[in-house]
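Residue numbers start from 1 in every chain, and the chains themselves are labelled A, B, ... in the order their sequence lines are given, proteins ahead of strands. Since this is a predicted model, take the numbers as computed values, not measurements.
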Amino acid sequence: MKDKISYSGLVDKLYLSITASIGFSVTPEGHWVDANYSPVTVEGRRLTMPSDKRLRSPDWDKLQYFHPLCENANRGESPVIQFLTRAIGFGISDRLKIVMLKMAEVAAYVDGHQHLNAKQHEVTTPLAEADDKFYKLLENIFEACEFRTENTVFSLFLNRNKQVGSESFLRLAAASFPLYNEIINANPDNAVIAGVSVKRKKDLKLLKALFEFAIPEVANGIQVGSNNDYAPYLMSLMELYYRIGNDCINKWVKIYKLGSIAGTIEFGDEYLTAFVKQDDLFIASLAMLRDAYKLLPGNDGEYDKGIERARSAPVADANRLSTSGSSTPTPIKPSGISTLVANNPTTATNQFTKKSGGLSGLDALRANEQPQQNSLGPWGQVSTAPANNVLDIFGNNNNRGNGGFGNSGGGFGNSGNGGFSL
Amino acid sequence: MNFNSRSVVPFGESFTLRKITFAKSNRYQPMVKRSLTADYNGELQRELGERLHLGKLKSVASAPITAGALTGIAGRIIQPDAFINNTSGSAIPLIPNSWDGQRLVFNMQLEHQSPNGLTIYYLTGFTDYDGSSSTGFMNVCFDPKMNLRVNSVMEVKLDVVKNNATGQSYQVPRLVGCYELAKPELVDAFGFGDWETGTETMIRPSDLVMANAVRRMDGEHVIDDDFDDVPTFHVSEEPAIKLVNTKHMHSVGYLTDTLKCLREGYINQHGYHGFEETRSTPWFEAEAMLKTPTINSGNNTVWAFLNTKLTRGLFGNSAEVTWGDLLRYDSTIDDRAELLQSREAQRQTLFGGAGHMVESEAWNGGDNTTVIVNQILNSSVAILNACSLMDIRFSITNMGSAAGGFGEEINTPYGNFYFLYGERATPITNIIETRTLVDNFIKKFVNEVLLDITFNNQISIALNLTASINSETTIEISFDGKNQERFVAPAFTSSLYNQMVGTNVQRKTNMASHLHSIADSLFSSSTVDFTKFEYPTGKVQDFGTPDNFNTNTFEL
């Protein structure tokens with residue numbers, strides 16, 4: 001027998017690691033679920049991993065199959081790519097808030113400076129003047145600005161046929177920091193940032209310093225272009241995600257030990273790394289990976305009109321959670337991002353203190369339904385509590401053994417005190 | 001009365017019903033309507049450019065847009081869609097007496113005698129039910145109300161060849177073409193009564209060429225400001241029978257003709273070398289080269305005969321003829337009608353079945369295997385026609401052993417396939433030895449279908465195929481190391497699930513704009529500007545615009 005490789009297995013692994021990196025998980029049925037086991041929907045359809053078995057009896061009306069590699073060079077952003085852009089942007093945006101709040105807290109709490117290590121101590125130089133009021137101000141600003149508004153912390157867009165300098169790209173992922181721009185353009189005498197008035201002039205300087213310290217590329221934004229033959233949208237998007245996620249966020253998460261609250265972004269998986277770093281061997285087999293499934297609508301470009309119309313048909317079954325079979329209806333919002341937004345903002349941030357071993361499946365779900373006592377960490381509004389065995393919104397995997405993945409060991413040791421420990 | 005010479009039946013012009021053969025059919029799983037879709041990415045663009053030698057040629061007019069140049073790539077651009085429109089069950093084509101009903105299949109020979117020579121039309125198809133009844137040994141009657149739905153029409157011309165040495169002349173049959181009679185239906189798919197989304201459209205090459213033509217005429221023939229209306233202007237979409245040339249049922253044939261036609265339109269519109277004059281209706285003229293006949297075209301065509309002589313104008317809407325119609329035209333057809341009843345006769349001709357419910361995987365999947373099986377199903381019809389075969393049975397695999405595996409080696413630039421002939425093939429014309437036709441078939445099948453499917457022989461495949469035009473096609477496939485699966489399709493109903501019927505108007509617009517932009521990227525980049533002449537030194541000198549040629553500024 002000749003050696004011929006089966007490629008559908010490889011592409012499944014790549015997709016699983018993309019899922020994990022964004023902070024979602026996949027049920028045994030292949031449906032994407034978020035931290036609360038809520039179904040993830042794209043344009044009203046449940047996002048589902050393709051597999052030969054599932055595609056044998058497909059449901060095009062209720063399910064959106066995830067196959068972003070099958071981009072069409074002549075068509076625009078597919079609903080799935082748009083969803084990925086939103087999900088990544090939301091995750092980055094939220095983590096940046098957490099990281100910067102932590103920095104402000106560290107800088108403001110002067111008594112604790114003696115306990116910092118050298119890396120952690122660096123922030124006290126640009127933020128030497130930070131105090132409690134600055135911290136409160138930052139908290140208020142971050143509360144006011146939401147993702148995909150004009151003063152969001154982080155904004156992410158995809159472009160077609162763009163030129164950066166002398167280089168032209170088929171597809172370009174561009175990240176910018178609108179809130180930072182608002183800060184540097186603000187009038188120092190009467191500054192209003194995201195609707196929050198900044199009365200002290202030194203706060204404005206501190207804000208600028210904080211952004212520039214936390215995000216080295218904040219001034220120019222980040223642009224990643226791709227001329228990949230097969231999936232330039234996905235490639236540029238994931239590369240940008242890797243750049244800001246690995247080089248900026250994961251660095252701070254590690255330094256400030258925010259693993260338990262912000263969560264390390266999982267780039268550890270070899271398939272994703274090979275994809276993002278454009279490993280020669282991997283890129284060479286991309287054509288085959290792409291062909292492991294045929295063109296699945298919603299992935300190669302915009303929906304056809306006919307398909308789009310079908311969307312308005314009621315999605316009855318998707319209201320039920322297929323994993324549990326319980327009748328806890330999770331409201332489905334029309335766009336994917338709304339299911340990303342925490343349904344339950346009052347859940348505890350540092351629930352890790354009362355972690356009672358492996359809640360699994362239905363129990364975790366029930367536990368999650370009950371609003372837990374909020375110990376009101378400084379960023380309690382920002383983050384959500386993950387169910388114990390689920391990847392939470394930040395990719396924070398508390399009990400990986402119970403999750404669906406065997407692909408990487410997330411591990412972040414220090415979670416004893418929730419977000420407070422340094 | 002109009003005495004225009006075209007409308008007068010010339011002397012000696014006649015249609016004769018030669019013979020009709022019936023057989024009982026098997027019963028089948030429902031088939032699924034699945035239209036074509038187009039894929040495109042950077043690699044395909046580059047490879048297509050290389051195959052057509054663009055960039056090396058002075059003009060796009062000489063680019064070799066041939067089946068040979070496009071093998072191994074066409075099937076990756078034009079392929080059956082994984083998506084089927086199953087919103088309200090409209091994906092399953094309507095067939096009288098349901099898919100698992102027993103019916104007859106037929107094979108009718110129609111002879112057309114004209115001053116130009118003799119043409120024989122082979123009409124194949126199915127009836128709405130089993131309208132046969134035996135009235136004794138070898139004596140069969142048919143119900144005059146039984147509808148014969150014509151599925152495909154094959155045209156075989158008998159060329160008269162004179163042997164100069166002996167002075168004898170004899171007839172050489174030649175397969176001219178084959179058409180399937182597809183019927184796009186007005187399907188209110190989504191319950192909204194929306195004409196645009198609920199109506200099927202044709203996506204044949206000619207339809208796609210015309211669909212975006214108006215957009216490209218640069219305001220020359222602006223019909224409506226609203227672009228969405230444009231495609232609907234050109235191709236009227238009444239539910240009527242549309243003829244599909246079977247050579248387009250095959251990715252290579254489809255892409256070859258579409259690109260040729262788009263190139264023609266491109267040249268017509270823009271001219272090339274600055275010399276060629278542009279045409280006023282470039283896309284209409286380009287489309288004419290595809291020569292797609294319609295049911296209503298011409299007076300002495302087989303279509304006109306079927307539509308007016310046999311059925312009084314109803315054939316154009318349904319492609320159906322009743323047995324009574326045939327008797328009315330020629331009552332002696334009853335004597336020349338035959339029902340194949342013995343299993344042995346059926347086995348020998350691979351025609352018909354025995355009323356069994358055929359076991360088959362479901363056809364509505366969206367996975368790779370199902371899509372590929374669809375590709376094989378449709379391509380095999382095109383290649384059978386191209387090779388003058390009615391059916392064929394064989395096994396083929398690319399998983400050979402070191403010892404050579406079974407059967408014969410079929411060499412390709414990407415390695416060998418191993419082929420085992422099933423000793424069953426029916427030639428349409430008996431002028432060439434069957435085995436030669438089979439060899440042609442296999443060569444074409446491997447190069448034009450299997451190389452696409454296996455990504456140039458990189459993915460394993462093992463295939464047992466019994467392909468037929470007028471009976472049933474059985475595909476036993478093991479693809480990409482998966483278990484063997486068996487798909488059976490009633491090939492005699494292939495026009496009901498023809499891939500050229502698009503699920504909605506939007507599908508056509510998308511696919512058309514898609515193919516037009518492929519053509520744009522191919523042909524515009526390779527058009528060499530003649531005003532720039534390159535000296536051997538590599539120095540480029542600008543001679544000015546073509547207008548300046550005429551005003552004597554051009555000097556050597």
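- No other option in Pro232(A), Ser51(A), Ala73(A), Cys70(A) has as many heavy-atom pairs under 4.5 Å with chain B as Ala73(A).
- Residues Asp367(B) and Tyr293(A) form no side-chain contact, since every pair of their non-hydrogen atoms from C-beta on lies 4.5 Å or further apart.
- The distance from the CG atom of Leu44(B) to the CG atom of Asp229(A) is 8.5 Å, given to the nearest 0.5 Å.
- A heavy-atom distance below 4.5 Å is found between the side chains of Asn74(A) and Ile518(B).
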Query raised in the report: Arg56(A) and Thr369(B): side chain to side chain contact (heavy atoms under 4.5 Å, CB included), yes or no, with the steps?
Result: CA-CA 9 Å; Arg56(A) 185 48 72 84; Thr369(B) 308; 3.8 Å; yes
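- Only the side chain of Gln79(B) comes within less than 4.5 Å of a heavy atom of chain A; its backbone N, CA, C and O stay farther away.
- Within a 6.0 Å sphere centred on CG of Asp280(A), other residues, nucleotides and ligands contribute 12 heavy atoms or fewer.
- Interface residue Leu295(A): backbone and side-chain heavy atoms are both found under 4.5 Å from chain B.
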Query raised in the report: Can you check side chain to side chain contact (heavy atoms under 4.5 Å, CB included) on Leu296(A) and Phe83(B), steps first, answer last?
Result: CA-CA 7 Å; Leu296(A) 304 178; Phe83(B) 168 80; over 6 Å; no
Requested in this report: Verify side chain to side chain contact (heavy atoms under 4.5 Å, CB included) between Asn41(B) and Glu71(A), making sure each step is shown before the conclusion.
Outcome: CA-CA 7 Å; Asn41(B) 59 44; Glu71(A) 279 172 34; over 6 Å; no
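- For Asn72(A), the parts lying under 4.5 angstrom from a heavy atom of chain B are both the backbone and the side chain.
- Other residues, nucleotides and ligands contribute at most 12 non-hydrogen atoms within 6.0 Å of the NZ atom of Lys162(A).
- Among Arg75(A), Lys294(A), Arg290(A), the one residue that satisfies the salt bridge (charged side-chain N to carboxylate O under 4.0 Å, His left out) test with Asp39(B) is Arg290(A).
- Shortest non-hydrogen contact noted between Pro58(A) and Gly366(B) is CG-N, 3.9 Å.
- The distance from atom CG of Asp52(A) to atom CZ of Phe479(B), rounded to the nearest 0.5 Å, is 9.5 Å.
- Side chain of Asn368(B) to backbone of Asp291(A): a donor-acceptor contact under 3.5 angstrom is found.
- For Asn161(A), the CG atom is densely surrounded, since the number of other residues' heavy atoms within 6.0 Å is greater than 12.
- Residue Ala231(A): no heavy atom, backbone or side chain, is found under 4.5 Å from chain B.
- Proximity to chain A (any heavy atom under 4.5 Å) is restricted, for Glu485(B), to the side chain, taken from C-beta onward.
- With a 4.5 Å cut-off on non-hydrogen atoms, Arg46(B) touches chain A through its side chain but not through its backbone.
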